[in-house]
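Inspection log for the structure reproduced underneath, given as structure tokens.
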Amino acid sequence: MSLTPVYGDAKYEVFGAFTIDVVNDTSFIYNQYIDMDEDAYNRYVDQVISRSDVDSGIRPAYGEQLLTLSTCEYSSANGRYVVVARRVSD
């Protein structure tokens, strides 16, 4: 899988968004998935979709580039709100 330069324009489709407490829920460490093989990629996508607050109907296929964004979420002391999208064009 090739990596895209940090700077540039591209379009993405959000396929999942969820809240997680990064201290109390260590069953999915969403920010440690880098250079995934096909099995790890599919497990990551499965976790995102199963935890998602939205049903986009989108399921990325192995090889599609993903973008994961995370910000603080204040329903718990260690809450994060995570949005995950797939790249659809340059």
Side-chain angles (χ1 to χ4, degrees):
M1 183 180 304
S2 65
L3 298 177
T4 302
V6 174
Y7 300 100
D9 294 327
K11 290 185 179 181
Y12 290 83
E13 291 178 325
V14 172
F15 72 92
F18 59 93
T19 302
I20 190 167
D21 184 311
V22 295
V23 170
N24 294 318
D25 183 355
T26 58
S27 64
F28 180 48
I29 305 173
Y30 68 90
N31 59 351
Q32 292 186 2
Y33 284 79
I34 301 172
D35 297 327
M36 296 177 273
D37 63 17
E38 188 169 1
D39 288 338
Y41 183 97
N42 289 328
R43 284 192 309 272
Y44 181 83
V45 168
D46 288 344
Q47 281 290 319
V48 170
I49 290 172
S50 70
R51 292 169 180 269
S52 185
D53 298 330
V54 297
D55 180 6
S56 68
I58 297 168
R59 179 174 179 79
Y62 178 68
E64 289 187 285
Q65 184 180 25
L66 303 180
L67 173 68
T68 302
L69 305 171
S70 177
T71 191
C72 295
E73 192 281 324
Y74 298 105
S75 66
S76 68
N78 301 294
R80 301 293 184 274
Y81 196 74
V82 181
V83 176
V84 187
R86 70 174 176 182
R87 187 176 185 157
V88 293
S89 72
D90 294 333

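One-based numbering along the sequence shown. This is a predicted model, so every value here is computed, not measured.
For the salt bridge (charged side-chain N to carboxylate O under 4.0 Å, His left out) with Glu13, the qualifying choice from Arg86, Arg59, Arg87 is Arg86, the only one to do so.
Evaluation of the side chain to side chain contact (heavy atoms under 4.5 Å, CB included) rule for Asp53 yields Thr19, Tyr81 as partners, not counting sequence neighbours. Judged as a ring pair (Phe, Tyr, Trp, His ring centres under 6.0 Å), and not counting sequence neighbours, Phe15 has no contacts.
Of all the heavy atoms in Tyr12 and Val88, the pair that sits closest is N-CG2, 4.1 Å. Between Val82 and Val84, the shortest heavy-atom contact is CG1-CG2, 3.9 Å. Residues Tyr44 and Met36 approach most closely at CB-SD, 3.9 Å, considering heavy atoms. Shown here for Ser56 and Val14, the closest heavy-atom pair between the two residues is CB-O, 3.7 Å. Shown here for Ala17 and Ser52, the closest heavy-atom pair between the two residues is N-OG, 3.0 Å. What you find for Asn24 and Asp21 is that their closest heavy atoms are N-OD1, 2.9 Å.
Both Tyr62 and Val45 are part of a single hydrophobic cluster, where members link through side-chain heavy atoms under 4.5 Å apart.
Remark: Asp37 CG is packed, more than 12 non-hydrogen atoms of other residues, nucleotides or ligands lying under 6.0 Å away.
One distance of note links CD1 of Ile49 with CG of Asp55; it measures 8.5 Å at 0.5 Å rounding.
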Could you go through residues 26-34 and list every donor-acceptor pair under 3.5 Å that involves a side-chain atom there, pairing it with any protein atom two or more places apart or in another chain?
residue, atom, partner, partner atom, Å
Ser27, OG, Asp25, OD1, 2.5
Ser27, OG, Arg51, NH2, 2.7
Tyr30, OH, Ser70, OG, 2.6

